[in-house]
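Just so you know, these numbers come straight off a predicted model, no measurement behind them.
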Amino acid sequence: MCNKTLLLAITGLLSFSGLSLASTSLVSEESIATQKKLTSVHKLKNGTPVYVRTIPDSDILSVVVSYSFGLKDLPVGRKVLNEWYWSAKSLATKTYPKAEMFSLKEKYGLGVGCTGGIEFSTCSLDAIDDYWDKGVAVLASVIKEPAFTDEDVKLTRDRLTAKLKNTPTDPGTYSNEIINEIYYPVGHPYRLNHDEALKELEGLKKEDLNKLQSAITGANAMRIVVVTSMPADKVVKDLNAALGDIKTVKLAPVAVSAPKIDDKKTYNFHDRELPTAYIRMKFNAPGAKEKDRIGSKLLFEILSEELGEEIRTRRSLSYSVGSAILQYNAGLGLIVASTSKPKETLEAMHVVIEALKKKMYSDEEIREYKNVFATNYFLTQETHDSLSSAISSSLDYHGTTDELYELPKQLEKVTAADINRMANQYLKDFRVGVIYGRKDFEDKWATDFVSQHLASSNQKKK
């Protein structure tokens, strides 16, 4: 596609979404009002909240049932249940044995499945309106009465075991565990490395899956989001019939705090003969509910762009480099790179970070970054399943859809001074993990990088 055609396509998309390239506003008040007007809030007879987002003239529907439960809420020794339970849950139910479940999914094109998350977990349904009745019946059965047959329990256990044992063979994935060993202390709610998970799995049985089913299936622990063109009254009526009899259970969410920096645990190296070094950094960043949650997203968009420009474009050190922010209740920042020149890459990262801390961007530069960020934001709402997931996430952390719909307006308030402040406030205290050949990597390259950005060391120097 030529640049002119691409620009016209993007312009059309943004206009459809309420974003204007020519406007000084990222999103119009009318667009936000329309989003809110198309979203209605209801409750099932057991108190479960239901949010229906209407998309007129669409034959597709997407349902997300979110649970206020995830990895963080399981104690050490049982954390591996999070993945095992959710993967086994949708294979068969007491009403729909495995063969029938497969047949229904195939015949009606039903996308039904469950996923265990760090802080929240979901069961979802993707279908077309014509098969809503079939789909909601299957989804309700998965939620209320998973079978956990001996066959499926063994199958999912064996798959999980194989996956965990295979983790070290993928250095890109394994680098996450290398850094987690020093980033999350033992016992932290977010921590579960593959060796820890394998050890836990040895002591767990089928009965543990059934116990977890009883413990977390309750009205006060669930929220439902439906994206559809069907009338909200019908959706709520059918959900009441299918899920309104679920009883309330008491869940006490586990509080999570950001891991404290330990000056003696800032660097971890794993020796493996590889042609490419895998570098991963983690550091504390604003969480989903903190005041800098929106501005920091823009900061990391800028950081990722600057890292790519310096390391990939200018110096040709790596084609895989970038940054991101993960916003759970305790947020964390990421910088990752794979490179055959780790020393030079670490040096370039330092240059980029220091420049970002010193630079005061112009209003025009910030505007360009905001447009790119807002474009990606609207793209996440272009499909039913991505929209339902985005709404569900907004509800999980904020209890309202306003956080999602008003994000562009909040983003407009972020200034160049905010970016400068946040860069100095958050781009520090890095923990660094590296996988590479011992003979090709000097620890000093990583420890020098860490010491240059260690807040406690900076305080001592003062």
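- Residue I55 comes nearest to H384 through the heavy atom pair CD1-NE2, 3.8 Å, listed as atom of the first residue, atom of the second, then distance.
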**Chi angles and distances behind the side chain to side chain donor-acceptor pair (under 3.5 Å) call for N176, Y183** = CA-CA 10 Å; N176 190 56; Y183 185 69; over 6 Å; no
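- When only modelled atom types and interatomic distance are considered, T167 and E177 share no side-chain donor-acceptor pair under 3.5 Å.
- By the 4.0 Å N-to-carboxylate-O rule, K409 lies close enough to E29 to be salt-bridged with it.
- S121 places a side-chain N or O within 3.5 Å of a backbone atom of F69 that can act as its donor or acceptor partner.
- Tested against L61 for a side-chain contact (heavy atoms from CB on, under 4.5 Å), the candidates D385, V136, L125 yield a single pass: L125.
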**Request:** Please test D292 against R421 for salt bridge (Lys or Arg N to Asp or Glu O under 4.0 Å), starting from the C-alpha separation and ending with a verdict.
**Result:** CA-CA 10 Å; D292 283 332; R421 172 186 61 80; 2.8 Å; yes
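- Side-chain contact between T169 and Y174 is absent, with no heavy-atom pair separated by less than 4.5 Å.
- One N or O on the side chain of K79 and one on the backbone of L74 form a donor-acceptor pair closer than 3.5 Å.
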**Request:** Determine, step by step, whether S68 and R223 satisfy the side chain to side chain donor-acceptor pair (under 3.5 Å) criterion, reporting the C-alpha distance in whole Å, the side-chain angles of both residues, the deciding distance to 0.1 Å, and the verdict.
**Result:** CA-CA 8 Å; S68 297; R223 285 167 303 285; 3.0 Å; yes
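- Note: S318 OG to E310 CD = 13.0 Å, rounded to the nearest 0.5 Å.
- Legend: residues meeting ring pair (Phe, Tyr, Trp, His ring centres under 6.0 Å) with Y96, ordered by chain and number and at least two apart, are absent.
- In the displayed structure, E290 atom CD is contacted under 6.0 Å by more than 12 heavy atoms of other residues, nucleotides or ligands.
- A salt bridge links R293 with E403: the closest approach of a Lys/Arg side-chain nitrogen to an acidic carboxylate oxygen falls below 4.0 angstrom.
- The pair K154-D158 counts as a salt bridge, with a side-chain nitrogen and a carboxylate oxygen less than 4.0 angstrom apart.
- Side chain of N284 to main chain of Y426: no donor-acceptor pair is present (N/O by atom type, distance under 3.5 Å, no hydrogens or angles).
- For residues 141-164, every residue pair satisfying the ring pair (Phe, Tyr, Trp, His ring centres under 6.0 Å) rule, not counting sequence neighbours, is listed here: Y85-F148.
- When atom types are taken as modelled, the side chain of N420 and the backbone of A417 share no donor-acceptor pair closer than 3.5 angstrom.
- Listed for the S87 side chain is a donor-acceptor partner under 3.5 Å among the backbone atoms of E83.
- Under 4.0 Å is where a charged nitrogen must lie from a carboxylate oxygen, and between D245 and K45 no such pair does.
- The closest side-chain donor-acceptor pair between S386 and S389, if any, does not fall under 3.5 angstrom.
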**Item:** Criterion side chain to side chain donor-acceptor pair (under 3.5 Å) on Y397 and Q327, from CA distance to verdict
**Value:** CA-CA 10 Å; Y397 287 105; Q327 291 188 327; over 6 Å; no
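- A side-chain donor-acceptor contact under 3.5 Å links S323 to the backbone of F300.
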**Request:** I would like to know whether D402 and K36 meet salt bridge (Lys or Arg N to Asp or Glu O under 4.0 Å); could you show each step before the answer?
**Result:** CA-CA 8 Å; D402 290 352; K36 292 182 178 180; 3.7 Å; yes
**Message:** Test side chain to side chain donor-acceptor pair (under 3.5 Å) on K89 and Q213; report intermediate values, then the result.
**Reply:** CA-CA 9 Å; K89 187 174 173 66; Q213 167 70 14; 2.8 Å; yes
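- The backbone N or O of A242 lies less than 3.5 Å from a partner atom in the side chain of K144, making a donor-acceptor pair.
- By the 4.5 Å heavy-atom criterion applied to side chains, V256 and Y328 are not counted as neighbours.
- Taking a cutoff of 4.0 Å between a charged side-chain nitrogen and a carboxylate oxygen, E365 and K359 qualify as a salt bridge.
- Across G116 and W86, no two heavy atoms sit closer than the pair CA-CD1, 3.3 Å.
- Partners of D238 under the side-chain contact (heavy atoms from CB on, under 4.5 Å) rule, at least two apart in sequence or in another chain, are W132, D133, K234.
- Using a 4.0 Å cut-off between charged nitrogen and carboxylate oxygen, E181 and R191 do not count as a salt-bridge pair.
- A heavy-atom distance below 4.5 Å is found between the side chains of L209 and V153.
- A donor-acceptor contact closer than 3.5 angstrom is absent between the side chains of D57 and S229.
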**Request:** List the steps and the verdict of side chain to side chain contact (heavy atoms under 4.5 Å, CB included) for M281 and V336.
**Result:** CA-CA 6 Å; M281 302 180 187; V336 297; over 6 Å; no
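- One N or O on the side chain of T34 and one on the backbone of E30 form a donor-acceptor pair closer than 3.5 Å.
- The main-chain N or O of V27 is never found under 3.5 Å from a side-chain atom of S31 such that the two would form a donor-acceptor pair.
- If you check the side chains of N220 and T248, you find no donor sitting under 3.5 Å from an acceptor.
- Side chains of S393 and D396: a donor-acceptor N/O pair is absent below 3.5 angstrom, by distance only.
- Checked against the 6.0 Å centroid criterion, the rings of F120 and Y67 do not qualify as a close aromatic pair.
- Put simply, CG on L427 and NZ on K357 are 6.0 Å apart, with the number rounded to the nearest 0.5 Å.
- Side-chain polar atoms of K282 and N180 form a donor-acceptor pair below 3.5 angstrom.
- The two residues D73 and P253 come nearest to each other via the heavy atoms OD1-CA, 3.6 Å.
- Taking CD1 of I419 as the reference point, atom CD1 of I302 lies at 4.0 Å (rounded to 0.5 Å).
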**Item:** side chain to side chain contact (heavy atoms under 4.5 Å, CB included) assessment of D126 paired with L110
**Value:** CA-CA 6 Å; D126 293 315; L110 304 178; over 6 Å; no
